[in-house]
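Below: the structure, in structure tokens.
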There are 2 protein chains.
Amino acid sequence: MLSKERLIEFSDDARKNYLDHISIDCVVFGFHGGQMKVLLLKTPDEEKWYLPGGFVLKQEPIDDAATRILQERTGLDKIFLQQFRVFGDPDRSKFHNDLYRDMLPAGENWFSGRFLSIGYYALVDFFDVNPQPDQFSELCAWRDLDDMPELQLDHELIFKSALDTLRLQLNYQPIGYNLMPKDFTMPELQKLYETILDKKLDRRNFQRRVLAFGILTRADKPRKGGAHKAPYLYSFDLENYTNALTEGFKGGW
Amino acid sequence: MLSKERLIEFSDDARKNYLDHISIDCVVFGFHGGQMKVLLLKTPDEEKWYLPGGFVLKQEPIDDAATRILQERTGLDKIFLQQFRVFGDPDRSKFHNDLYRDMLPAGENWFSGRFLSIGYYALVDFFDVNPQPDQFSELCAWRDLDDMPELQLDHELIFKSALDTLRLQLNYQPIGYNLMPKDFTMPELQKLYETILDKKLDRRNFQRRVLAFGILTRADKPRKGGAHKAPYLYSFDLENYTNALTEGFKGGW
DNA sequence: ACAAAAGTGTTTGATATACACCCATGT
DNA sequence: ACATGGGTGTATATCAAACACTTTTGT
């Protein structure tokens, strides 16, 4: 929650620069330590969590806006982003409206009234991200998919909707390039799929199938140093990968 | 194109009732005579075609807005509608802006500036539709999918995007209930699939597959009167159909 | 030497594809 | 009787699922 002064300041600024009544909310997925993670923000003091989001500059394409917003939160400049749905329930802005109603007359408060939010989901490499809080938050941090706090506004819905979309995507698109480090082992990749799907997969069948996509190249040398048999390293064949992205493939897990 | 008077009138009205800078565009698919059809509007005089669309009332959920808009164009009150993408290129509104720039100062013209458009696609029963032009058009009519006129604005893109989405949907959802009449024959249903996919399918395999979905019931009596062997009539088992809609199924054509 | 992780292969069942024959009806 | 559209069945290839054994490596 902003102070009255900050709210006035922000409102003036926003009115000049942003499209009214439009916001963007992003569900940023990362993967680390065998866990799927989501990037969240927390308000100062209170334990109120929400999704990274922002607004659209008056002359900015919406995809650019989403990219810019996530740049600010993560430091990344190449982000795999996918628009997945608009959230346009008139009640969804109730939170902001209640919050600031007594502080500033609606005419002066840029947050007053109704906001439509465009939902994006992003897949990013956990290690490349340098989480930065925004002006409304004190903390920007990864949270495990299976240890999510309650989210403000309709962000719970937006998050679930993003996850559903991601699971669906998995059926007809390659996914992983944006989530995995450059080199990775087959069990690591499998873990990613298992986490997204929340389901165990057969090691051998997984390998056969994912190799059949033709989007992986195996390195000559296996990874050293593990406590057991050295696994092979793989990396994505970017040409085939992007090809598969546009072409799509059947499938179904 | 509106006259200056109509534009002023509309602008005043719109400012009162609609969300600013947001529009909805709908791609309405119908099926008749073995042809996939799209519902289009034509401006008076000029041969300018565009998609049915409209705006969102200030307190209206966006899905309701899309439903209302299509009610006005088709007379239908139960419509299968699916939001599929937001079109938010800042240049997409250039058309309107150029059109009315000299007629009215931007401050008075509600169409001035940038519009985001939420794309919906709809599947409707051809025979139930009673096409009604809107206030900007003189004609509302079905056009064959393979005989589409050039569309205004970015409606070409919106249309293509809707068609792509529909083709994708076909892979994991039942489609047809909203497009076919209550009773239909297997060859008729096959024609629908072939039209959507723009691809010939094997008669026998199609039948086996679509029956395996378990969403069809065969009537006892075949249709009479045809010039050849009487085909069986089928209808959708609504319970299983809606079930499959939410559950989804694998597939791939 | 053994436990734990990772590599690889085979068998079986299901599903997709391709294809051919029979039946009903109007002319 | 025949042309046309429509119903049905079967053989084959392809793919998914289930499952077991061997290799490597650190302790």
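To find a chain, count down the sequence lines: A is the first, B the second, and so on, and within it residues start at 1. Everything numeric here is computed off the predicted structure, so don't read it as measured data. Reckoned from all heavy atoms, side chains included, excluding hydrogens, waters and symmetry mates.
When all heavy atoms of Cys26(A) and Leu51(A) are compared, the pair lying nearest together is O-CB, 3.6 Å.
A ring-centre distance under 6.0 Å is found for Tyr241(A) and Phe236(A).
Remark: Lys42(A) engages Glu138(A) in a salt bridge, criterion side-chain N to carboxylate O under 4.0 Å.
Spacing between atom CZ of Phe213(B) and atom P of dT15(C) amounts to 12 Å, rounded to whole angstrom units. Across the protein-nucleic acid pair, Leu233(B) atom CG and dG6(D) atom C1' stand 13 Å apart, rounded to whole Å. Here the P atom of nucleotide dA18(C) and the CZ atom of Arg209(B) are 12 Å apart, to the nearest Å.
Results of the side chain to side chain contact (heavy atoms under 4.5 Å, CB included) test with Phe159(A) over Asp164(A), Leu40(A), Asp25(A), Leu145(A) single out Leu145(A) as the only residue that passes.
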* Encode nucleotides 4-10 of chain C as B, S and - characters from 5' to 3', where the letter depends on protein heavy atoms closer than 4.0 Å: B to the base, S only to sugar-phosphate, - to neither. => BBBBBBB

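Taking a 6.0 Å sphere around OH of Tyr177(B), one finds it holds 12 or fewer heavy atoms contributed by other residues, nucleotides or ligands.
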